[in-house]
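Here is the structure we will look at.
Order of appearance sets the numbers: ligands from 1, and atoms from 1 within every ligand.
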Amino acid sequence: MKLLVTGGAGFIGSAVIRHIISNTQDEVVNLDKLTYAGNLESLTEVSSNERYAFEQVDICNRAELDRVLAQHQPDAIMHLAAESHVDRSIDGPADFIETNIVGTYTLLEATRQYWQTMSADRCENFRFHHISTDEVYGDLPHPNDNSEGERNFPSPRVGEGPGERGQSLPLFTEQTPYAPSSPYSASKASSDHLVRAWQRTYGLPVLVTNCSNNYGPYHFPEKLIPLVILNALEGKPLPVYGKGDQIRDWLFVEDHARALYKVVKEGTPGETYNIGGHNEKQNIEVVHTICDILQELRPQERSYRNLITNVKDRPGHDMRYAIDASKIQKELGWAPEETFETGIRKTVQWYLNNLDWCQRVQDGSYQRERLGAGA
Ligand code: NAD
């Protein structure tokens, strides 16, 4: 099978490509514009493989998309290219509208034309897999929140949710209504709607996945986990938004890559699969865990926890995300292999071993300054 992966030089896309080249016999074409978030260095371990090819292309450029599809003749497309940082979407939504909405529309149209000219058997087996986020669902009730809330969530699944806290709270299922809060999540929600409309109207065989927060190697240092690791090592403040009690459901990026490959190979066209790690953590717990692992691996006199600094909260900040991943588990047999404890330890160790990568990807463009506070 030949897979065209858009956004393959990014955090998750590069994990997907490393997984496919290292563990399967499939071929990959990586189509990426190489924005500040795209780094071909994340693919060094697979880029000399003859089953890998790279095309530097913007998904908004229809002529170039037509050329790449005609030239490489992929059997499936995994669409990850996007602007992905909520804080940047608050400072400047235009790029998010352009890439996430117009870019997805342009890719859908190029794909539709390509798909309609395929032979009957290839046409039937073709897949367009759209990779999206759980942030399209908005936020869920938080254990500290006693208000009833205005939305009707699916009934809580007893024993799940933040079980560690002895409560049973709702989770996002594939039926949860969309209610995005940020320009980023609204642009991703729009792209999800476009993808489903191209299935319903034109019959394009699409798959949609909505995943929780990822963490792991090669994550651009604007996101919470790499930012905290790198600031801590430099003795800089560790910014925690508001009280740090926002809850995210963390998934190790290599578990996500395995899930995405399973969906594109075995998923049923027209279906949506939620992907999550069953690892609900408050942001402050995540920061504490990183500080404690660093203390063990790079001991210093004063605990790294002393660097924690509460800063103004993100405008419109969602309080809690949590995924019910039982559908993909039941139907496709996928389950995460890493717990948060094993995955975060691997991640901290990876950053300690790859500080030169971190330095190079930040060069010139970004110095870990606060983004998205000015709404
Ligand atoms: P990322 O920002 O690390 O990478 C995005 C990649 O897309 C980069 O390589 C960038 O160069 C490329 N790109 C951006 N605009 C482009 C354009 N116009 N044309 C071609 N390429 C372009 O993002 P990520 O964290 O790897 O996320 C990948 C996908 O997964 C996104 O669609 C995101 O919404 C989704 N997702 C991310 C998470 C997460 O926790 N990071 C969770 C769920 C879903």
Side-chain angles (χ1 to χ4, degrees), residues 4-18 29-43 54-62 64-65 68 77-89 94-107 110 129-137 172 180 182-192 195 208-226 248-257 259-260 263 273-277 279 286 321 323 325 343 347 361 365-366:
L4 181 99
V5 177
T6 74
F11 168 50
I12 301 172
S14 68
V16 168
I17 294 177
R18 290 191 304 273
V29 180
N30 174 14
L31 184 151
D32 199 297
K33 179 183 174 181
L34 297 184
T35 66
Y36 78 95
N39 295 287
L40 291 178
E41 267 196 72
S42 309
L43 291 157
F54 174 62
E55 293 279 1
Q56 184 168 2
V57 168
D58 184 336
I59 55 164
C60 299
N61 185 333
R62 175 65 195 270
E64 275 291 272
L65 291 178
V68 168
I77 295 176
M78 299 175 82
H79 175 37
L80 294 98
E83 288 293 336
S84 69
H85 190 33
V86 175
D87 287 342
R88 285 183 194 265
S89 82
D95 286 348
F96 290 72
I97 305 304
E98 188 62 18
T99 286
N100 299 0
I101 304 179
V102 180
T104 299
Y105 155 74
T106 310
L107 181 64
H129 178 182
H130 178 62
I131 285 79
S132 192
T133 165
D134 61 353
E135 299 190 29
V136 298
Y137 300 125
F172 294 136
S182 71
Y184 163 66
S185 53
S187 69
K188 288 296 292 187
S190 307
S191 66
D192 294 11
V195 169
V208 178
T209 49
N210 295 86
C211 185
S212 59
N213 278 46
N214 285 214
Y215 69 99
Y218 300 103
H219 207 180
F220 191 80
E222 65 192 354
K223 305 280 169 64
L224 178 71
I225 288 178
R248 302 290 179 261
D249 175 357
W250 293 95
L251 180 68
F252 192 61
V253 68
E254 291 169 17
D255 276 326
H256 190 194
L260 294 179
V263 169
Y273 300 90
N274 279 359
I275 307 172
N279 283 312
V286 171
Y321 304 138
I323 283 273
T347 304
V361 301
S365 60
Y366 171 66

*May I ask you to list the atoms of ligand 1 that are less than 4.0 angstrom from any heavy atom of G38?*
8 (C), 9 (O), 11 (O)
*asked:* Check whether N39 reaches the backbone of E41 with its side chain - one donor and one acceptor, N or O, closer than 3.5 Å.
replied: no
*Beyond-backbone contact of I131 with M78, side-chain heavy atoms, under 4.5 angstrom*: yes
*asked:* Give me the nearest non-hydrogen protein atom to atom 20 (C) of ligand 1 as residue plus atom name, then the distance to 0.1 Å.
replied: K33 N, 3.2 Å
_I'd like to check which ligand 1 atoms, numbered from 1 as shown, lie under 4.0 Å from a non-hydrogen atom of S84._
1 (P), 2 (O), 23 (O)
*Closest protein heavy atom to atom 3 (O) of ligand 1, given as residue, atom name and distance to 0.1 Å*: F11 N, 3.0 Å
*Hey, which atoms in ligand 1 end up nearer than 4.0 Å to a heavy atom of C211?*
42 (C), 43 (C)
*What do we get for V57 next to ligand 1 when only non-hydrogen atoms under 4.0 Å count, side chain, backbone, both or neither?*
backbone
*Starting from atom 19 (N) of ligand 1, find the nearest protein heavy-atom neighbour and note its residue, name and distance.*
I59 N, 2.9 Å
*Taking only heavy atoms of A9, which atoms of ligand 1 are found under 4.0 Å from at least one of them?*
9 (O)
_Value rounded to 0.5 Å, distance of OH in Y105 from CZ in R62_ = 7.5 Å
_Options I131, L80, T6, ranked by nearest heavy atom to atom 31 (C) of ligand 1, top entry_ = L80
*Enumerate the atoms of ligand 1 whose separation from the nearest heavy atom of T35 is less than 4.0 angstrom.*
10 (C), 11 (O), 14 (C), 15 (N)
_Neighbour count >12 (heavy atoms, 6.0 Å) for atom CZ, F220_ = yes
*Side chains of Y215 and R248 in contact at under 4.5 Å (non-hydrogen atoms)*: no
*I59 side chain near T99 side chain, heavy-atom distance below 4.5 Å*: yes
*Under 4.0 Å from any heavy atom of D58, which atoms of ligand 1 are there?*
17 (C), 18 (N), 19 (N)
_Test of understanding: given a 4.0 Å heavy-atom threshold, classify the contact between L34 and ligand 1 as side chain, backbone, both, or neither._
backbone
*Just by modelled atom types, is the S212 backbone N or O under 3.5 Å from a matching donor or acceptor in the N214 side chain?*
yes
*Does D134 have a non-hydrogen atom less than 4.0 Å from ligand 1?*
no
*For atom 5 (C) of ligand 1, the protein heavy atom that lies nearest, with its residue and separation*: A82 O, 3.4 Å
*Is there side-chain contact between L251 and I323, with at least one heavy-atom pair below 4.5 Å?*
no
*Under 4.0 Å, heavy atoms only, figure out whether ligand 1 is touched by the backbone of Y184, its side chain, both or neither.*
side chain
*asked:* Less than 4.5 Å apart, side chain to side chain, heavy atoms only: is that true for H79 and V195?
replied: no
_Among D32, L65, L260, N61, which one puts a heavy atom closest to atom 12 (C) of ligand 1?_
D32
_Yes or no: does S132 have any heavy atom under 4.0 Å from an atom of ligand 1?_
yes
*Short question: side chain of T104, backbone of I101 - any donor-acceptor pair under 3.5 Å?*
no
*asked:* Between D249 and G276 (side chain of the first, backbone of the second, donor and acceptor by atom type, cut-off under 3.5 Å), is there such a pair?
replied: no
*asked:* Tell me the protein heavy atom at minimum distance from atom 40 (O) of ligand 1, and give that distance in Å.
replied: N214 N, 2.8 Å
*Starting from atom 26 (O) of ligand 1, which protein heavy atom do you reach first, and at what distance in Å?*
I12 N, 2.7 Å
*Determine whether the side chain, the backbone, both or neither of E98 has a heavy atom under 4.0 Å from any heavy atom of ligand 1.*
neither
*So do Y273 and C211 actually touch side chain to side chain, heavy atoms under 4.5 Å?*
no
*Could you find the nearest protein heavy atom to atom 4 (O) of ligand 1 and give me its residue, atom name and distance?*
G10 CA, 3.4 Å
*In terms of ring plane angle, is the pair F96 and Y184 parallel, tilted or perpendicular, where the classes change at 30° and 60°?*
perpendicular
*From W250 CH2 over to L224 CG, what is the distance, rounded to the nearest 0.5 angstrom?*
5.0 Å
*With atoms numbered from 1 as shown, which atoms in ligand 1 lie under 4.0 angstrom from a non-hydrogen atom of N213?*
40 (O)
*Under 4.0 Å from ligand 1, counting heavy atoms only, is it the side chain of S212, its backbone, both or neither?*
backbone
*Is any N or O atom of K188, backbone or side chain, closer than 3.5 Å to an N or O atom of ligand 1?*
yes
